[in-house]
Amino acid sequence: MLDLLQLSGKQRQFVDLLQQQQTVTSLRSLCAQTGFDVNFINGFLRSGALDGYVQWQEHSQQRWVLTAKGEDLGGLLPGVALADRLLAGIRDRATLQADLGPAFSLNYGALRREQAVDLVDGDGEGAVAVLKSSVLSAYQQRQGVFKAIACGEVPAAGAASSLEWLQQQGYITSRVESDYSLTVLPALQALELGNVITALGSELILSGQWREVELKPYDIHAEVPDVAYGRPTILTQCIQRIRDIFLNMGFNEMSGYLVESAFWNFDALFTPQDHPAREVQDTFYLAHPQTLPLPEDPTLVAQVKQVHEANYGGQWTEAEASRAILRAHTTTSTARRLHQLQGKDGKYFSIDRVFRNETVDRTHLAEFHQIEGVVVGELLSVRTLMGYLTYFYERLGFKNLKFKPTYNPYTEPSLEVFAYHPPSDRYLEVGNSGLFRQEMLAPLGGGEKSTVAWGLGLERIAMLLYDVEKLSDLIGPDIRL
Ligand code: PHE
């Protein structure tokens, strides 16, 4: 049984069309005349939906189509416009020229080539004489055949000489194509198509008409276009990629807090309480809460105080260490982890957000991400550190690294990391690193071990990998990247 409700709008239209036919000798020409897509109808027939309603048979047939040269003619053979007029009895050259305009010479040339016409002198411009009127009528026939082919129709029988001529001129060419003949069976003629609604609109609902019409059910299994409606941002993709690299290197991921006490951000990292980085120009201090409790471990706080006062002089105050801030680096997580480890070996990383009170420009924003890493073990050296960093950057495609000595309160030696960027033929700063000092490690409980660590810029890497000019392009709502 043909389930009319399951038919699409197009399929129903085709059924409707078939109801007006008995037999169709060429499905192709039927489609050409009515605007249906042959392949679509072919699929409809082959689906079996019309079995018992329509019989169809495939046959291959030679079909004529226009060549590119034929297409260029725009539907009119050169010569036919003049032939029409000559056959209508117009011979005066001035009249013909005015009528045909610039096309006159093209038309005349075409007919002249077959010696069908000639120019004769007369009053004024003279006249066009007809030498062979049979050629002129042949032109009219050729035009009819040409037009039919252009419209996708099958030329009428008896067109053989026109076809041969059109082919010789290079206007048409033949192609073997499969076509279908259909016989419409009485069962189809008997079908009542009725009025099926495929889209329920507000009008139908408001007027209450929806109660009377037949509604096409939704096919929830129908294939729908694959729409890419969401995907991770470049930064998220980068984070995932980097996370995979460190996990594959045997590191564990650590996490921390966006809001931290100055203690974990500075004091535990042996950064003096009068260090310029602690000033409001560099660090965001919070109004709510203004302070955070210091660590519960009293020896930790006492030892930090002791090492600061012994090395930097002056008074170390809990008040300064308790101030609440947005963390300025992820080394806060490292410090907390070292305190937890109490000298146990381990490899940890984090990829997390940090905040600095910076002037915003093309390459700086007030918040960004750091790739933090720390390795605790025996006899780790600068070579160990350089080895980890070289290996990591190589995984991302940065082959040439340079290390430059720098200063951090908590590391000694300290190395800045530069990666070669071929497009700009420059080394760009990508991170900072070093071996933690005893003054920092001892109060945290890791004084016996050697510890290498780094903090690398995520956005820098993303900008280089994806060739992004402005840092703000990486994090805005614009998803075109
Ligand atoms: N915390 C440093 C920064 O923000 C990076 C760093 C981490 C340096 C660990 C040395 C050791 O630049």
Side-chain angles (χ1 to χ4, degrees), residues 242 246 251-258 260-272 275-279 281-284 325-339 341 346-358 363-377 380-390 392-393 401-419 428-444 446 449-461 471:
I242 291 167
F246 280 111
F251 281 69
N252 290 308
E253 188 161 5
M254 58 182 176
S255 62
Y257 306 94
L258 300 182
E260 269 288 12
S261 59
F263 179 88
W264 286 114
N265 195 87
F266 296 120
D267 300 284
L269 293 166
F270 196 51
T271 305
H275 193 281
R278 300 176 76 130
E279 285 170 22
Q281 296 94 297
D282 291 305
T283 299
F284 289 113
I325 62 165
L326 294 180
R327 71 170 171 212
H329 53 189
T330 42
T331 316
T332 49
S333 308
T334 297
R336 283 176 176 276
R337 177 63 50 157
L338 291 175
H339 180 237
L341 285 175
K347 300 195 284 189
Y348 296 88
F349 77 99
S350 75
I351 309 166
D352 241 328
R353 195 170 285 230
V354 300
F355 307 85
R356 284 185 199 170
N357 197 358
E358 302 232 33
T363 53
H364 292 93
L365 289 178
E367 52 181 287
F368 54 97
H369 292 79
Q370 281 189 324
I371 305 159
E372 184 86 12
V374 58
V375 181
V376 187
L380 304 184
S381 67
V382 172
R383 273 286 159 204
T384 318
L385 175 62
M386 289 164 70
Y388 275 117
L389 292 174
T390 306
F392 166 69
Y393 280 106
L401 291 192
K402 275 189 180 174
F403 299 91
K404 190 176 130 186
T406 185
Y407 171 79
N408 295 314
Y410 38 95
T411 49
E412 181 61 36
S414 308
L415 307 176
E416 261 173 0
V417 193
F418 291 78
L428 300 176
E429 192 194 331
V430 289
N432 187 353
S433 66
L435 272 75
F436 283 135
R437 303 175 70 105
Q438 283 303 300
E439 291 86 339
M440 174 215 166
L441 289 174
L444 290 172
K449 290 297 168 74
S450 48
T451 305
V452 301
W454 53 82
L456 318 173
L458 173 72
E459 280 80 357
R460 223 338 131 68
I461 290 177
L471 182 49

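For ligands, and for the atoms within them, numbers begin at 1 and follow the listed sequence. Fair warning: this is a prediction, and the values are worked out from it, not measured in the lab.
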*Can you tell which of Leu415, Thr331, Val354, Leu435 gets a heavy atom nearest to atom 1 (N) of ligand 1?*
Thr331
*Under 4.0 Å from a heavy atom of His329: give me the atoms of ligand 1 that qualify, with their elements.*
1 (N), 4 (O)
*Are any side-chain N or O atoms of Arg278 and backbone N or O atoms of Thr283, one a donor and one an acceptor, separated by less than 3.5 Å?*
no
*Between the side chains of Thr334 and Thr331, does any donor sit under 3.5 Å from an acceptor?*
no
*ring pair (Phe, Tyr, Trp, His ring centres under 6.0 Å) between Tyr388 and Phe251: does it pass, once the steps are laid out?*
CA-CA 11 Å; Tyr388 275 117; Phe251 281 69; 5.7 Å; yes
_Test item: Trp454 and Val430 side chains (from C-beta on) under 4.5 Å apart, heavy atoms_ = no
*asked:* Strictly distance-based, threshold 3.5 Å: is any side-chain N or O of Glu459 a donor or acceptor partner for the main-chain N or O of His369?
replied: yes
*Which residue and non-hydrogen atom of the protein lie closest to atom 6 (C) of ligand 1, and at what distance in Å?*
Gly455 N, 3.6 Å
*Can you pull out the closest protein heavy atom to atom 3 (C) of ligand 1? Residue, atom name and distance to 0.1 Å, please.*
Gln370 NE2, 3.6 Å
_Closer than 3.5 angstrom, by distance alone: can the side chain of Arg353 be matched with the main-chain N or O of Glu367 as a donor-acceptor pair?_
no
*asked:* I need the contact type for Arg327 against ligand 1. Using non-hydrogen atoms and a strict under-4.0 Å cut-off, is it side chain, backbone, both or neither?
replied: neither
*Select one of side chain, backbone, both or neither to describe which atoms of Asn432 lie under 4.0 Å from any atom of ligand 1, heavy atoms only.*
both
*asked:* Heavy-atom distances under 4.0 Å decide this one: backbone, side chain, both or neither, for Trp454 against ligand 1?
replied: backbone
_Among Ala453, Gly457, Pro409, closest by any non-hydrogen atom to atom 11 (C) of ligand 1_ = Ala453
*Using a strict 4.0 Å cut-off to heavy atoms of Gly434, name the atoms of ligand 1 that fall inside it.*
10 (C)
*Which heavy atom of the protein is the closest neighbour of atom 2 (C) of ligand 1, given with residue, atom name and distance?*
Tyr410 OH, 3.1 Å
_Determine whether a donor-acceptor pair (N or O, by modelled atom type, separation under 3.5 Å) exists between the side chain of Thr406 and the backbone of Leu415._
no
*Counting only heavy atoms, which portion of Ser433 has something under 4.0 Å from ligand 1: side chain, backbone, both, or neither?*
backbone
*Could you tell me whether Arg337 and Glu372 have a side-chain N and a carboxylate O separated by less than 4.0 Å?*
no
*Give the contacting part of Asn408 toward ligand 1: side chain, backbone, both or neither, where contact means a heavy-atom distance below 4.0 Å.*
side chain
*asked:* Would Arg356 count as a polar contact of ligand 1, with the cut-off being nitrogen or oxygen pairs under 3.5 Å?
replied: yes
*Report yes or no: does Arg356 contribute a side-chain atom to a donor-acceptor pair with the main-chain N or O of Ala328 at less than 3.5 Å?*
yes
*What do you reckon, does Thr411 have a nitrogen or oxygen under 3.5 Å from a nitrogen or oxygen of ligand 1?*
no
